[in-house]
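In what follows, chains carry the letters A, B, and so on, assigned in the order in which the sequence lines appear, proteins first and then strands, with residues in each chain numbered from 1.
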Amino acid sequence: MQEPKLQEKRWTKEVEKEVYSEWKKNQVYKFNKNTKKKVFSIDTPPPYVNTPVHIGQVTTYVLMDCFARYKRMKGFEVLFPLGLDRNGLPIEIAAEKKFKISPGKVSREEYIEKCRKILEESSLASVESFLRCGISFNSWEIGKGIGDIYETDSPDYRSLTQDTFIELWNKGLIYEASRINNYCPGCRTTLADAEVTYEDIPTNFNDILFKIKETGEEIIIGTTRPELISTCAAVIFNPKDDRYKKLEGKTAITPIYEKEVPIMAHPYAQLDKGTGLVMMCSAGDLSDIRFFREQNFTPVIAIGQDGKMNEHAGFIKGLKVKEAREKIIEELKKKELIVNQVKINHRTPICERSKHEIEFIEMSEFYVKQVDFKDDLANLANKLNFYDEKSREILLSWINSVSIDWPISRRRYYATEVPIWYCKNCKETFLPKKGTYHQPWKDPAPVKQCTKCKSKEFIGETRVFDTWFDSSNSPLYILKWSRDDSFFKKNSPATLRPQGKEIVRTWLYYTLLKAYHLTGKLIFKDAWINYHIVDENGKKMSKSIGNVVDPKEVLDKFGAEPFRLWSAVEGDLSKNDNRCSFERIEGSGKTITKLWNVARFISMFPEKKAKKLMDLDKWILDELNDLVNFADTHYEGYDFHNPATKIKHFIWETLASHYIELVKPRAYNEGNKFTEVEQASALHTIHTCLDILLKILAPINPLVTYKIYKELRKKDIHFESFPKSTKKEKLEFKTAELEELNREIWKVKKDNSLSLKDSIKQITLDKKFKSIEKDLQAAHNIQSIKYGKLKIEL
RNA sequence: GGGCCAGUGGUCUAGUGGCUAUGACAUCACCCUUACAAGGUGGAGGUCACAGGUUCAAAUCCUGUCUGGCCCACCA
């Protein structure tokens, strides 16, 4: 026996800092491009830099780190880069707020400059929580190398985005068209359907009087959008609706505007909704748009890009949509044209980001074809492995619902520019060469002279890309598509895409779509879709409720290891939301302490080679072997929850309470009651146990296992290989039986107010325990043992 | 409107037909036991959301209801 090799009495945050700082300094997880090992690649979600990192986000990165570390121990070279998302609206909005600017009022250069100012301040502050959690990203340095931190607004990344555009353009998969689109007045830009959500918003349902031109009779039409009466192009009723059959072919006159419109039968009108009569306006909602396309009506757009009514709206011109609605209702009331008004909850499309109500406005945008490829995409979705399987449905139902192509151009500034120039004279389009970053609004055109009309003047495109057009490149970027062909060829598809379920319809879908267009294949094999960390009461964390937990607070209070263990133990994030409870995180800390103490205890004993193993030692190694198997198969399927729960139980119960208590006397061997061979078996086994335990726990708790292993073995545990299972031993007794026996003895002593070290005169045991009788006798201080039905005599 | 998932002691949770329903946290009582009071032992606490059905047997299977969460939808 000696002094414990682990000096510190407990695991602390200070030791954590020592460990992760050392990893960062020595770049231990750097990606080796020339490796001979198989590559396991993780297409990590780039966090948005301008919002503080959320506890849920950190939890998902911790789990990704578990995957990465496990794969390293299984002999893979792991590509695990950190990306930072820096494009798009939130940055612009922050800049507008802080510097009181808006597009149009300042030059584009100045506007972009202000965005960069905002980005400088946000810098890498958000990354610190990742570092403190011991996450094994390949690099903590920003760079272009494989595995380095990348930024989505770097010229390197943006040029790749432009390259994908050029390639898709050349393949004929992109076209420009003028269509009615989702438009967010708050963000002042077109949105794709994927960026629109719905909310029930209370609004008035107004019954309005229209006149029939031919007969002079009045009809009643219900609508939530009276401000759009000026754009009404038809009145419809359901073909099965007998009430209105007589109106077929007649003409209705719209109130106030006095416009004559046809009345027709059409299945869009539902019998039981409102009065059964519907006024079809251009762009009141999506069904209107479809109707106009189908009927070949020319839409009249009454709402401008500023979200205000335009000249088509007549007397309500210049008013914002909501004001216009109030104004026209007032006017209709004055003329006694409203016969009824009811408050209803109307399912209203809103912008996912700014929460403004969506309007439908016609604009010219670039589109990526997707409607024609729905079947191919569904096939692809069926080939992708989903963890958990039920998440596949989210993607499939989204693909199924896609009805228009993907509008990718936006009228904003801080984003990747659409790389096109136009001949000023004949409007011929010119795309640049791939490989460099282009800013057509300020850079000269890639050609000197128009190939068609010989003009020498060009206009650069001013529009930019949807941020999803950028984000959906991430796997192409990290695998060096179009940059390092041999690397891409060797390592594509990527292994894993981990991401939140709420961005299945955007990030996951668009990534698959783009990679399919560009490569014809799946771009990753596995998709691990995570649910959310919610607050203690199961409510979603949100800024407005004020229940968002800052990961720094958790790390300051409890440290990384309790947090990491909690992340794994708390629940399976691929199946359910998990609740964030400080009490539970703190509780996990006790397990870390227990582990530390077990290791400290074992470190007091010298290591010995065992000539022969005792049955008790065989038993614990067997138990651990089961645990190795269990962990290995579950880790393989990205399940760390079930193994973590079992490992925790093993540490507290099987190992600490039962095995160590029983083996102690033989390990100490005071008074030489045991032979040298028997003692050696104990000393060998406790060290072997600790080794294996540390290794299976290393992916989950890298800092503490690293430290212990380093102190005892002088090696980096994370580059050891994952333990392999061995043959099962044949033992007379089962684990549950042994544990029950111990409990029974402890209970009898306790009931008789004896100390645990007090002796027992005689015990009668089942014969199956014969092979470990010496250990039982010593541990429980038994004077004599007989065999038969259990009986304890004090 | 359609679909999916869930409902188990105060809280969270395991349990897909079979002993007295698992475990954790919290709570209460007792105990310094040669690594660990950030420990140990023991106790209290549940009509398994509700109603009906299938079965020798139901937390578990079926039907319906209620509640919560999510996804989709052309609801004026």
Have a look at A:Ile236 and say if it touches a base, only the backbone sugar-phosphate, or nothing, with a 4.0 Å heavy-atom cut-off. nothing
Closest approach to the side chain of A:Tyr668, judged atom by atom: which nucleotide of B:C72, B:A35, B:C70 is it? B:A35
Write down the distance between CD1 (A:Ile529) and P (B:C71), rounded to a whole number of angstrom. 13 Å
How is A:Ile602 classified with respect to the nucleic acid when contacts are heavy atoms under 4.0 Å: base, sugar-phosphate, or nothing? nothing
Using atom CD1 of A:Ile394 as one end and atom C1' of B:C4 as the other, report the distance to the nearest whole Å. 10 Å
Most 5' of A:Trp746 and A:Leu655 on RNA chain B, judged by nearest nucleotide: A:Leu655
Rounded C1' spacing from B:C50 to B:A6 in Å: 16 Å
Inter-nucleotide P distance (B:C61, B:G17), Å rounded: 8 Å
Distance-only donor-acceptor pairs under 3.5 Å for side chains of residues 643-655 of chain A, two or more places apart:
unit_1, atom_1, unit_2, atom_2, d
A:Thr645, OG1, A:His641, O, 2.8
A:Trp652, NE1, A:Thr591, OG1, 3.1

Considering only the P atoms, how many Å lie between B:G9 and B:U47, rounded to the nearest integer? 8 Å
In the structure I gave you, are the side-chain heavy atoms of A:Gln499 and A:Thr60 within less than 4.5 Å of one another anywhere? no
Measure CD/A:Glu393 against P/B:A73 and give the value in whole Å, please. 14 Å
For A:Glu586, answer base if it contacts any base atom (sugar-phosphate contacts may also be present), sugar-phosphate if it contacts only those atoms, and nothing otherwise; contact means non-hydrogen atoms under 4.0 Å. nothing
Paired stretches of RNA chain B - 3 or more consecutive Watson-Crick or G-U pairs, each distance under 3.5 Å: B:1-7 with B:66-72, B:10-12 with B:23-25, B:27-31 with B:39-43, B:49-53 with B:61-65
Which whole number of Å gives the distance between the C1' atom of B:G23 and that of B:G64? 33 Å
A:Trp398 near the nucleic acid: base, sugar-phosphate alone, or nothing, with a heavy-atom cut-off under 4.0 Å? sugar-phosphate
Euclidean distance for C1', B:G40 against B:C32 (whole angstrom): 10 Å
Geometric class of the A:Trp596/A:Trp11 ring pair [parallel <30°, tilted 30-60°, perpendicular >60°]: tilted
Looking across every strand, which nucleic acid part, if any, lies under 4.0 Å from A:Gly222 by heavy atom: base, sugar-phosphate, or nothing? base
With a non-hydrogen cut-off below 4.0 angstrom, is A:Ala599 in contact with a base, only sugar-phosphate, or nothing? nothing
So for atom NZ, which belongs to A:Lys211, do other residues, nucleotides or ligands contribute more than 12 heavy atoms lying within a distance under 6.0 Å? no
With a cut-off of 6.0 Å (strictly less than), are more than 12 heavy atoms of other residues, nucleotides or ligands near NZ of A:Lys374? yes
Taking 4.0 Å as the cut-off, does a side-chain nitrogen or oxygen of A:Lys664 come that near to OP1 or OP2 on B:A35? yes
Regarding A:Thr593, tell me which of base, sugar-phosphate or nothing describes its non-hydrogen contacts under 4.0 Å with the strands shown. base
Validate the cation-pi geometry between A:Lys664 and A:Phe601: distance from NZ or CZ to the six-membered ring centre under 6.0 Å, angle to the ring axis within 45°. yes
Whole-Å distance between B:G40 P and A:Arg743 CZ? 13 Å
Integer-rounded Å distance: B:A35 P and A:Ile592 CD1: 21 Å
Here the distance between atom C1' of B:G39 and atom NZ of A:Lys594, to the nearest Å, is 6 Å
Options B:C72, B:U34, B:A35, nucleotide nearest the side-chain atoms of A:Glu670: B:U34
Which class fits the ring pair A:Tyr510 and A:Trp468: parallel under 30°, tilted 30 to 60°, perpendicular over 60°? tilted
For RNA chain B, determine which residues of residues 555-563 of chain A have any heavy atom closer than 4.0 angstrom to one of its atoms, and list them numerically. none
Candidate nucleotides B:C72, B:A76, B:C36, ranked by approach to the side chain of A:Phe205 - the nearest: B:A76
Nearest to side-chain heavy atoms of A:Ser397, which nucleotide of B:C71, B:G40, B:C70: B:C71
Roughly, in whole Å, what's the span from CZ in A:Phe582 to P in B:A38? 21 Å
Just to be sure I understand the rule, does A:Trp11 reach a base, reach only the sugar-phosphate, or reach nothing, if contact means heavy atoms closer than 4.0 Å? nothing
Are any non-hydrogen side-chain atoms of A:Cys351 and A:Ile358 less than 4.5 angstrom apart? yes
Is it true that, when you exclude A:Glu740 itself, more than 12 heavy atoms of the residues, nucleotides or ligands shown sit nearer than 6.0 Å to its CD? no
For the pair A:Glu389 and A:Arg392, find out whether any cationic side-chain nitrogen is under 4.0 Å from an anionic carboxylate oxygen. yes
Sequence-distant partners of A:Ser230, side chain to side chain donor-acceptor pair (under 3.5 Å), two or more places apart: none
Tell me: CD of A:Glu8 to P of B:C36, nearest whole Å? 16 Å
Give me the one residue out of A:Lys608, A:Arg666, A:Lys774 that meets salt bridge (charged side-chain N to carboxylate O under 4.0 Å, His left out) with A:Glu678. A:Lys774
Distance, P atom - from B:U16 to B:G42, rounded to whole angstrom: 27 Å
Looking only at atom P, what distance separates B:G2 and B:G15, rounded to whole Å? 31 Å
Check nucleotides 22-25 of chain B for protein N or O atoms closer than 3.5 Å to its own N or O atoms and list the pairs.
unit_1, atom_1, unit_2, atom_2, d
B:C25, O2', A:Glu583, OE1, 3.3

Which residues share a ring-ring contact (aromatic ring centres under 6.0 Å, His included) with A:Phe640, sequence neighbours left out: A:Phe67, A:Tyr635
Taking only the C1' atom of each, what is the distance from B:C72 to B:U27 in whole angstrom? 46 Å
Please indicate whether A:Lys710 has more than 12 foreign heavy atoms, meaning atoms of other residues, nucleotides or ligands, lying under 6.0 Å from its NZ. yes
